[in-house]
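Below: one structure, written as structure tokens.
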Amino acid sequence: MGIVSPGFSGRRRGGAPDLPPGQYLTEDFPVLSAGPTPHVPKESWNLTVTTETGAAHHWDWAGLTALPTERFTVDLHCVTKWSKLATAWEGVSLDTLLAGVETSAEYALAHSYGGYTTNLPLEDLLDGQAWIAVRYDGEDLTPEHGGPARLLVPHLYLWKSAKWVSAIRLLNEDHPGFWESVGYHNYGDPWREQRYWGD
Ligand SMILES: Nc1nc2c(c(=O)[nH]1)N[C@H]1C(S)=C(S)[C@@H](COP(=O)(O)O)O[C@H]1N2
Ligand SMILES: [Mo]
């Protein structure tokens, strides 16, 4: 089991250098969901990755949790302006998940139980930047925060971190997700304050 802590580079907690422009610090963990919370039992949970050629890869709960997991501590930045620093998670790196997936796609579209979608460049899921998170703060991830498993891509605004993730489609063309198609920025870099189209 690998233990890594990307994103926690010893920066001073609560210091301005940790806060992207326009953000404020919060200690609690707000819940932001566009619809009702799906309750997906681990026994019926499934994750599918499809490639641009139509190849499909499936993981059930046993398959996912048999993969090496990582512990990581990262800062979260929501477009509604709260940031929560040094949050502790456990999950499977997308590098691990996608290691056996052959693709030359440039884009990814994440899908959730309940219908939510969000898009991002595939390279933003790789190189230690993204996880399928299954535990938060030492506990199984609660349904409100996306349990049993959510995508976590902390270097982008948190709407890119699809809760209750069910599928990741790897695509040759970019396809805007739920918020991206109603005016949120297509990429969503908090450090460049890319909140809305045109930012
Ligand atoms: N499936 C799904 N994932 C989602 C959302 C959602 O509505 N549905 N909301 C997004 C937004 S806007 C944010 S800020 C974060 C909130 O995560 P949290 O509720 O764990 O704080 O989840 C993101 N992932
Ligand atoms: Mo958000």
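These figures come from a predicted structure and were not determined experimentally. Counting starts at 1 for both ligands and their atoms, in listed order.
Given atom 3 (N) of ligand 1, the protein heavy atom at minimum distance is K163 N, 2.9 Å. Protein heavy atom in closest approach to atom 17 (O) of ligand 1: R150 NH2, 3.2 Å. The protein atom (non-hydrogen) at minimum distance from atom 11 (C) of ligand 1 is W159 CA, 3.6 Å. From the protein, the heavy atom lying nearest to atom 24 (N) of ligand 1 is S161 O, 3.0 Å. If you check which protein heavy atom lies closest to atom 16 (C) of ligand 1, you get L32 O, 3.6 Å. The closest protein non-hydrogen atom to atom 21 (O) of ligand 1 is P30 O, 2.6 Å. If you check which protein heavy atom lies closest to atom 14 (S) of ligand 1, you get C78 SG, 3.2 Å. Closest to atom 13 (C) of ligand 1, if we only count protein heavy atoms, is L158 O, 3.8 Å.
Shown are L120, L109, T48, L94; of these, the side-chain contact (heavy atoms from CB on, under 4.5 Å) with I168 is made only by L94.
In terms of heavy atoms, Y157 sits closest to E193 at OH-CA, 3.5 Å. A108 and L170 make their closest contact through CB-CD2, 4.1 Å (heavy atoms, listed as atom of the first residue, atom of the second, distance). Here the shortest heavy-atom pairing between E144 and W164 reads O-CZ2, 4.2 Å.
For ligand 1, the atoms lying closer than 4.0 Å to a non-hydrogen atom of A34 are 6 (C), 7 (O).
Remark: L67 CG to L97 CG distance equals 6.5 Å, nearest 0.5 Å. Rounding to the nearest 0.5 Å gives a distance of 10.0 Å between CD of E90 and CD of E70.
At under 3.5 Å, a nitrogen or oxygen of S112, whether backbone or side chain, sits near a nitrogen or oxygen of ligand 1. Between V31 and ligand 1, no pair of N/O atoms sits closer than 3.5 Å. Some N or O of H145 is nearer than 3.5 Å to an N or O of ligand 1, by distance alone.
Using a 4.0 Å cut-off between heavy atoms, Y157 makes no contact with ligand 1 at all. Contacts of W164 with ligand 1, taken as heavy-atom pairs under 4.0 Å, involve the side chain alone.
Remark: the D124 side chain and the H155 side chain contain an N/O donor-acceptor pair separated by less than 3.5 Å.
Ion pair D140/K42 flagged as a salt bridge, since at least one NZ, NE, NH1 or NH2 atom sits closer than 4.0 Å to an Asp/Glu carboxylate oxygen.
Ring-plane geometry between H77 and W191 is classed as perpendicular, the angle between the planes exceeding 60 degrees on a 0 to 90 degree scale with a lower cut at 30. Aromatic ring pairs are classed by plane angle as parallel below 30°, tilted from 30° to 60° and perpendicular above 60°; the pair W179 and Y184 is parallel.
Within the 4.0 Å heavy-atom cutoff, W82 counts among the residues contacting ligand 1. In this structure, A162 counts as a contact residue of ligand 1, since one of its heavy atoms falls inside 4.0 Å of the ligand.
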